[in-house]
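Per chain, numbering begins at 1; letters A, B, ... match sequence-line order.
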Amino acid sequence: MAKWLIKSEPSECGIDDFARDPDGFIPWDGVRNYQARNFLAQMAEGDEVFLYHSSCKHIGIAGIVRVVRGAYPDPLQFDPESHYHDPKSTRDKPRWQAVDMQFVSRLPRLISLDRLKSLPALAELPLVRRGSRLSVMPVSEAEWQAILALPNG
DNA sequence: GCCAACGTTGGC
DNA sequence: GCCAACGTTGGC
């Protein structure tokens, strides 16, 4: 099963929001970047995902969530009232995808961006690459293990 | 709030 | 297809 990392502002949707309803799910919608969309489309039920908190006080990986429904057309693209409405998208040829995510766990301690940057095993991860703004990215098994292997102190 | 880096748009 | 202008992201 593939592994992934998604970025989110905790003020919008963070690990607390997932933990609040651990048996429910949260639609991961509103992604409006083609590269990120292409990765979303590859997500399958059961895939595990690091949740990264951005644009906040404590920046870093806060927890793990899981894909409980693979890619489906993002309904917001059809909603004229939505900020994420896309007038160029049609039901026949939807342009944007969403997936549903469910809480798995909090990390015992948030793994800060600084620590992630210091890991040689993550040198190729877009998250730590200068100027990268990709919000959905694949994480290799080696990268996943390198992150989980970090001591909690 | 600043601003560098990047993606998208649209005129030509 | 080029590229300037603009909007967004996201760390600091």
Side-chain angles (χ1 to χ4, degrees), chain A residues 2-20 25-43 47-67 70-101 103-140 142-144 146-153:
Chain A
K3 294 190 164 57
W4 307 93
L5 182 146
I6 55 177
K7 292 185 198 170
S8 181
E9 302 187 14
S11 60
E12 300 294 323
C13 181
I15 197 68
D16 289 347
D17 297 283
F18 282 98
R20 198 168 295 128
F25 65 89
I26 294 177
W28 210 254
D29 50 20
V31 172
R32 294 294 179 267
N33 168 280
Y34 287 104
Q35 203 182 352
R37 185 275 313 265
N38 293 343
F39 288 132
L40 268 192
Q42 295 171 37
M43 288 186 181
D47 285 359
E48 287 193 310
V49 184
F50 280 132
L51 182 65
Y52 174 88
H53 286 176
S54 67
S55 299
C56 59
K57 182 161 185 186
H58 301 292
I59 296 168
I61 296 175
I64 297 173
V65 296
R66 162 201 304 127
V67 178
Y72 60 93
D74 180 349
L76 300 181
Q77 70 195 310
F78 307 123
D79 178 2
E81 303 298 310
S82 171
H83 176 246
Y84 297 106
H85 179 236
D86 185 345
K88 293 180 184 167
S89 194
T90 67
R91 301 215 176 240
D92 284 347
K93 288 194 100 180
R95 181 181 288 193
W96 306 109
Q97 301 286 118
V99 302
D100 290 344
M101 304 274 200
F103 180 74
V104 172
S105 62
R106 292 176 198 272
L107 294 189
R109 189 171 185 277
L110 179 130
I111 301 175
S112 72
L113 178 58
D114 280 348
R115 287 184 94 195
L116 295 169
K117 281 179 175 171
S118 74
L119 276 185
L122 302 187
E124 301 303 315
L125 190 66
L127 182 75
V128 300
R129 300 198 65 113
R130 183 166 164 272
S132 172
R133 304 184 314 196
L134 189 60
S135 63
V136 179
M137 67 194 74
V139 176
S140 73
E143 290 166 337
W144 186 273
I147 292 169
L148 287 185
L150 282 171
N152 290 318

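Aromatic ring centres of Y72(A) and W96(A): separated by at least 6.0 Å.
Atom C1' of nucleotide dG11(C) and atom NE2 of H58(A) are separated by 15 Å, given to the nearest angstrom. One can place CD1 of I59(A) at 11 Å from P of dG10(C), the figure rounded to the nearest angstrom. Taking atom CZ on R129(A) and atom P on dC6(B), their separation rounds to 11 Å, with Å as the unit. What separates CE of M137(A) from C1' of dT9(C) is a distance of 12 Å, to the nearest Å. Atoms OH (Y84(A)) and P (dT8(B)) sit 15 Å apart, rounded to a whole Å. The distance between atom CG of L116(A) and atom P of dG11(C), rounded to the nearest whole Å, is 11 Å. Here dC6(B) presents its C1' atom at 16 Å from OH of Y34(A), a figure rounded to the nearest Å. At whole-Å resolution of the value, CG in D86(A) and P in dG7(B) are 19 Å apart.
Only one option out of I6(A), I61(A), V65(A) pairs with F50(A) in a side-chain contact (heavy atoms from CB on, under 4.5 Å); it is I61(A).
The distance from atom OG of S11(A) to atom CG of D16(A), rounded to the nearest 0.5 Å, is 11.5 Å. Taken from NZ in K7(A) to CG in L134(A), the straight-line distance is 6.5 Å, to the nearest 0.5 Å.
Between dT8(B), dG10(C), dC12(C), one nucleotide has an atom nearer to the side chain of K117(A) than all others, and that is dC12(C).
Taking side-chain N and O atoms only, Y52(A) has a distance below 4.0 Å to OP1 or OP2 of dG11(C). For K7(A) and dT8(C), the shortest distance from a side-chain N or O to OP1 or OP2 is not below 4.0 Å.
In the displayed structure, F78(A) atom CZ is contacted under 6.0 Å by more than 12 heavy atoms of other residues, nucleotides or ligands.
No engagement by K57(A) is indicated, since no non-hydrogen atom pair under 4.0 Å with the nucleic acid exists.
Nucleotides of DNA chain C nearest to H83(A) and S55(A) differ in position, and the one nearer the 5' end is that of H83(A). Judged by closest nucleotide on DNA chain B, R133(A) is the one of R133(A) and K88(A) placed further toward the 5' end.
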